[in-house]
Every structure is written in structure tokens, then in C-alpha cells.
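Contents: one structure, followed by commentary.
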Amino acid sequence: MAAIEHTVLQLSTSPLSSLSAKVHPLVIFNICDCYVRRPDQSERVIGTLLGSVLPDGTVDIRNSYAVPHMSAEQVALDIEYHHNMLISHQKVNPKEVIVGWYSTGLGVTGGSALFHEFYSREAPNPVHLTVDTGFINGAGTIKAYVSVNLSLGDRQLAAQFQEIPLDLRMVEAERVGYDILKTPMVDKLPTDLEGMEASMERLLALIDDVYKYVDNVVEGRAEQDNTIGRFLFDTIASLPKLSPSAFDKLINDSLQDNLLLLYLSSITRTQLTLAEKLNTAAQVL
Amino acid sequence: MATPGARSFLQVAATEEVASPLRVVQIEGLVILKIIKHCKEFSPALVTGQLLGLDVGSVLEVTNCFPFPVREEDEEIEADGANYQLEMMRCLREVNVDNNTVGWYQSTLLGSFQTVELIETFMNYQENIRRCVCIIYDPLKSNQGVLALKALKLSDSFMDLYRTNNFTGEKLREKNLSWVDIFEEIPIKVSNSALISAFMTELEADTPVVQCDYDRLQLSTSPFLERNMEFLIECMDDLSMEQQKFQYYYRNLSRQQAQQQAWIQKRRVENMARKAAGDEPLPEEDPSNPVFKPLPEPSRLDSFLITNQISNYCNQINGVTGQSFSRLYLTKALHEN
């Protein structure tokens, strides 16, 4: 409640305005897996986030584990379990430290403040991640918060959970291939050739799109955008400038090298089968 | 006298369940990501970890895993390692993760994983668990844009042979076992829970081209091929050493045979002389003579393993060169346009 004198409600901002968090896909997988396996009485899952703080202030969240807790009448966390898991994890990876904690369910509830206080004793400025596994808004929202102190003049009033930007780019998931991670069941891991085919199709689709766009612009059907034009120009200019003969020579040389390697490896394989037959053939005495 | 009912129960209890052969390993996306993360972080060092899951019929489900800390060469760390494992299993049990070990995973460097240690670890695991599998992940190959994940298990015939520790030529011919039969590769299926697939569908980036495409369409594969060739050459050297051992053995064997023949001839001549003189003929065989000592035949296990490795390298080279062909033709076509 505002006091009679006009004091300003201060929200300390500057050190946190540059704070953002980056989440690796493994963390989301872990959280979902723990949620699916939670004991029937608990409504949500609470756990610790591990990671590191990058030099530019971003919090890099790399790993996580669930911690048994009770959220019924009293709010309690199994601290010993949390410490045991932390020690075990750090045996493998000593660089990963506690950077915060997570809970499933949309929004921040009253009990979260206590958990947050506990975690702020474990790590400086912990990040609170909420993962909405119930898809309440029709979408799975993942948000990250830090605790900001609200002070009135000199007195500390309360702590507020303030949202920080969250980077959800999943580079590792892209590497593995979203198809493998998205579908409930993948029957076969794709081989090299299938992967190559898929990439080339995507490249072809991209080139088609660019072609259509340029056609549209030239015929006046679409507005021209200078930035896009510059990007296209840069892309085409990045092709190395070689005379056709030099380029042909380069390509042919590489082709020949590859053919040579292919030939060598096929010969080695045939030799192996032959040697095998000879080695285990009946001994001639 | 047991009643027919009780006897049939006894019979049922006595017959062992025939285990259905392992056909598929079903891994969860979570496990794949964990393995990738662990192996990548410590690459190029080789790391291992434990797989947890369930054994259901002909499918082995792997639902979780945890990494092992890097083991120092120290005696007391042995107990530490076991403690770590117990601790992790206990903690995971509390959050309802399957507590059942089904195997282990390890990272490898360009496919050089067929070693005697692998076989020994397999035998160790096989004693306690009925079915176990080893998952091999190659972080270097995965940089090319391919998910290099393999599930291996020792073939049963090889395991029996290994227990008797007898790798001579006749035994192998008997069982019709060649170097391809040592390891069996099992196809992998990936499964994800519905929740995680919902999340992933949502979090999927909208860009038309993804990171793995960048990896796959890279033109420079020569460092990878060079290392492959280096390993291949080293392996060929090892293989030629093994073959020299065999040659040496055969030469010794034939020399010994010649010596035996000569000795037998001498004995025969002696016997004829004795017969002429009316004495007892001496026996034709004399086990105490060093000429008759049987030479130990060198074990073929090492050469098999090396052969396996070589074939692996060859396959990899084939795969990569195949991909490079496509890339080179693509570049050529682009440039012409």
C-alpha cells in the first residue's frame, strides 16, 4: 500500500535488463519425461536446473533433474535428494552448476516463492522456468523468470517474478532431426542417402522460392525490398570467382580423389573376404 | 507318486522359457539427446554411460540413461564408481525412472570400437542380465549430418565360443563362424511420448532449412576422410602383423611335422634292426620327445576384431565418398547455372 508521502515504488532494473536465458532441448525432454512419470498424487513436478552462466550474462541451461517434493498443505522439498543428485551430476560434469529451478504448470504460484528462496540460497540469482505441460492456453508455453526485489524507498517490500527473454533455439535437436524427435514412433533411423536427399529437396525448394520472388519483383507483381535484394546479391557474390576451366578441374580432381578412395576401400573389403577364406581353410599338411 | 497334475506343474516349472530373439531396440528421444550431449561434450575423449529400460518380448526398450564419470587409473576409484552407480540408480528410482540396467553406451572415434575390452564388458554384463545391448555413438561422423548411432550385441554362437576361449581354425570352421558373425547390429526405433512430441512440434523452428542441412551440404570432407584413411592404414599394419604370426606358426608346424617324420623313420629303421636282432620293437610314438610337443595355435580373435574394424572403416569411407559425389555434382550444377 502506498504511504502518505510520495515515495516511488522502485523496481531495480539495470542489472537484469541484459539477463536472458537459453534452454537446450534436453532440458525440455527431461522435464516432460519427469512429468509423465510423476507419482499420481502430485500435480506438478519440481526440479533443479543445471548449466552455466556465459560471459555475456546469458544463463545457459543445459541439464536438469527432478526433485521429489510435497506441495499439499506444507511446501517441502527433499533437500538431501537434491544434494545427492547434484554431487552425482558434478562427478561427471564439474562445470555444470545450479542456475535455477523449474516447475510445470502455467504461471507462478504462491508456493513458488518459498522454493525460489531456497534456490536463491543455492545459487546467486536463480532462474525460475515454468513449462506448461497442461497446454492451458492451447500451446505449450515455456517462460523464465527471475526474482526482482521491490523496494519502497529503503524498505524491502516483496519480491516480484519478472519475466526474462528466453532463447528456445534448439540447435542440437535440429542436428538430430526434428522428424526423429517429433513423431511418437520412428521405425528406422534415416541413412545417409535419405538424409542427403531430404537436404537437397529443401535446398531445391529454397531456390525455387527465391526464383519465384525475383520473377515477381521483375514483373512488377510484388514490391521490391532492398534488404532482400542485397542479401541475394551477397549470396550470389559469395560463389567463388573461378574461370570455368579452373572450376571444372577442381571438381574433377575431387571426383577422382573420391573415386580412388571408393576403389581402395572396395578392394580392401574383397581382400578381407579372401583372406578370411584362406585363413580358415583346411590346413594342407 | 506325484499326481499327473503336479508333475505337469513340475514340468512347466522345469522347462526354461525360450527367450524370443532380440529384434529391435526402441530408444526414447530423451536417451538419444543425452547420449549426444555427453559424447559431444567430452569429445575427443571416449566416454561411457549406463542404459536403463525394460526388456519386453522381442523389443528392448531404453527409457533413460546416465553417464559415468571419467575413471582415473586408481584402485580406490573402483569402489567409488560402483557407489556412484548405486546412488544414481537409487535417486532415479525415487522419481519413477525404470531401474533396470539393459546395457551401456560408449562413444567412439571413427568406428574403432571393436576391441577385446568391448567383448569382455559384454560377457560381464551378460552374466547378470539376460539381454543387454551396447549403443555406439560416433560424434565425428555425426558432424557430417548423419546420426551415427548403432546398437550392437554379441551373437550367441560367438559368446559360446568365447566362453571356451578356443579360437582355433577347426573350431571356427565347425561353427561356421567368420568375422562378420561376432557382432550383430540391431535396428533402432525411436519413440517419444505424446507430450514431448507436442512440445517439439511447437518449438520447431519455422526456417525451411535446418542446421543438419548445413552440416550435410558442407563440401570439405577431406579431414574426416584423411583420418579414416590413417586409421585404416594402421589397422592394415596390425592385420599384417597378425598374419605374419600365422605364417610363423604354420612354418613351425610344417617344420615340426618334417621332424616328426624323420624321427619316425629313424624309429622304424631301429625297429627293423631290433626285429632282425630278435628284440622288442620300440614304440613308434614317444610323447616325451620335444619333437612331438603340440604347438599352440595362435588365437584368431584379434585378427577377427581387426578385420571387423577394417571393414567398418571401409564402409564409412564408402558412405562419405558417396555423399561427396552428390555434393560435388550439386556444386557443378549450381555453377553452371
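Only this structure's heavy atoms are used, side chains among them; waters, hydrogens and symmetry mates stay out.
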Seminar exercise, completed: Cut-off 4.5 Å, heavy atoms of chain A, and the answer for B/Leu225 is side chain
Problem set entry | Contact class of B/Lys37 relative to chain A, heavy atoms under 4.5 angstrom | side chain
Exercise. Contact part of B/Tyr313 toward chain A, heavy-atom cut-off under 4.5 Å: side chain, backbone, both or neither?
Worked result: neither
For this session: Using a cut-off of under 4.5 Å on heavy-atom pairs, state which of A/Asp33, A/Val45, A/Val67, A/Leu255 scores highest against chain B.
Result: A/Leu255
Exercise. Is it the backbone or the side chain of A/Ile207 that comes under 4.5 Å from a heavy atom of chain B, or both, or neither?
Worked result: side chain
Seminar exercise, completed: Heaviest contributor of heavy-atom pairs below 4.5 Å to chain B, chosen from A/Ile87, A/Asn63, A/Asn30, A/Val36, is A/Asn30
Problem set entry | Part of A/Tyr35 within contact of chain B (heavy atom distance under 4.5 Å) | side chain
Problem set entry | Close side-chain approach of A/Leu129 and A/Ile31, heavy atoms under 4.5 Å | yes
Exercise. Quick one: does B/Arg93's side chain have a donor or acceptor within less than 3.5 Å of a partner on B/Asn99's backbone?
Worked result: no
For this session: Sort A/Glu201 into side chain, backbone, both or neither according to what part of it lies under 4.5 angstrom from a heavy atom of chain B.
Result: neither
For this session: Let me know if A/Asp257 has heavy atoms under 4.5 Å from chain B in its side chain, its backbone, both or neither.
Result: neither
Exercise. Which answer fits B/Phe66, side chain, backbone, both or neither, if we ask what part of it has an atom under 4.5 Å from a heavy atom of chain A?
Worked result: neither
Exercise. Can B/His38 and A/Asn93 be counted as having a side-chain donor-acceptor contact under 3.5 angstrom?
Worked result: no
Exercise. Mind checking whether A/Tyr65 and A/His82 have parallel, tilted or perpendicular rings, split at 30° and 60°?
Worked result: tilted
Exercise. Contact part of B/Gln316 toward chain A, heavy-atom cut-off under 4.5 Å: side chain, backbone, both or neither?
Worked result: neither
For this session: Could you give me the CA-CA distance, side-chain angles and deciding distance for B/Val62 and B/Val25, then say whether side-chain contact (heavy atoms from CB on, under 4.5 Å) is met?
Result: CA-CA 7 Å; B/Val62 180; B/Val25 173; 4.1 Å; yes
For this session: Name the region of A/Ala66, side chain, backbone, both or neither, that has any atom closer than 4.5 Å to a heavy atom of chain B.
Result: both
Seminar exercise, completed: Bottom line for B/Val97: the part with an atom under 4.5 Å from chain A's heavy atoms is both
Problem set entry | Under 4.5 Å from a heavy atom of chain A, the part of B/Leu92 involved | both
Problem set entry | Leading residue by heavy atom contact count with chain A [cutoff under 4.5 Å; candidates B/Met229, B/Glu87, B/Arg90, B/Glu28] | B/Glu87
For this session: Could you tell me which portion of B/Asn315 (side chain, backbone, both or neither) has an atom closer than 4.5 angstrom to a non-hydrogen atom of chain A?
Result: both
Seminar exercise, completed: Turns out that what part of B/Ser254 lies under 4.5 Å from chain A's heavy atoms comes down to neither
Problem set entry | Criterion side-chain contact (heavy atoms from CB on, under 4.5 Å) on A/Thr48 and A/Trp101, from CA distance to verdict | CA-CA 4 Å; A/Thr48 315; A/Trp101 64 292; 5.6 Å; no
For this session: Answer with side chain, backbone, both or neither: which region of A/Arg38 has an atom nearer than 4.5 Å to a non-hydrogen atom of chain B?
Result: backbone
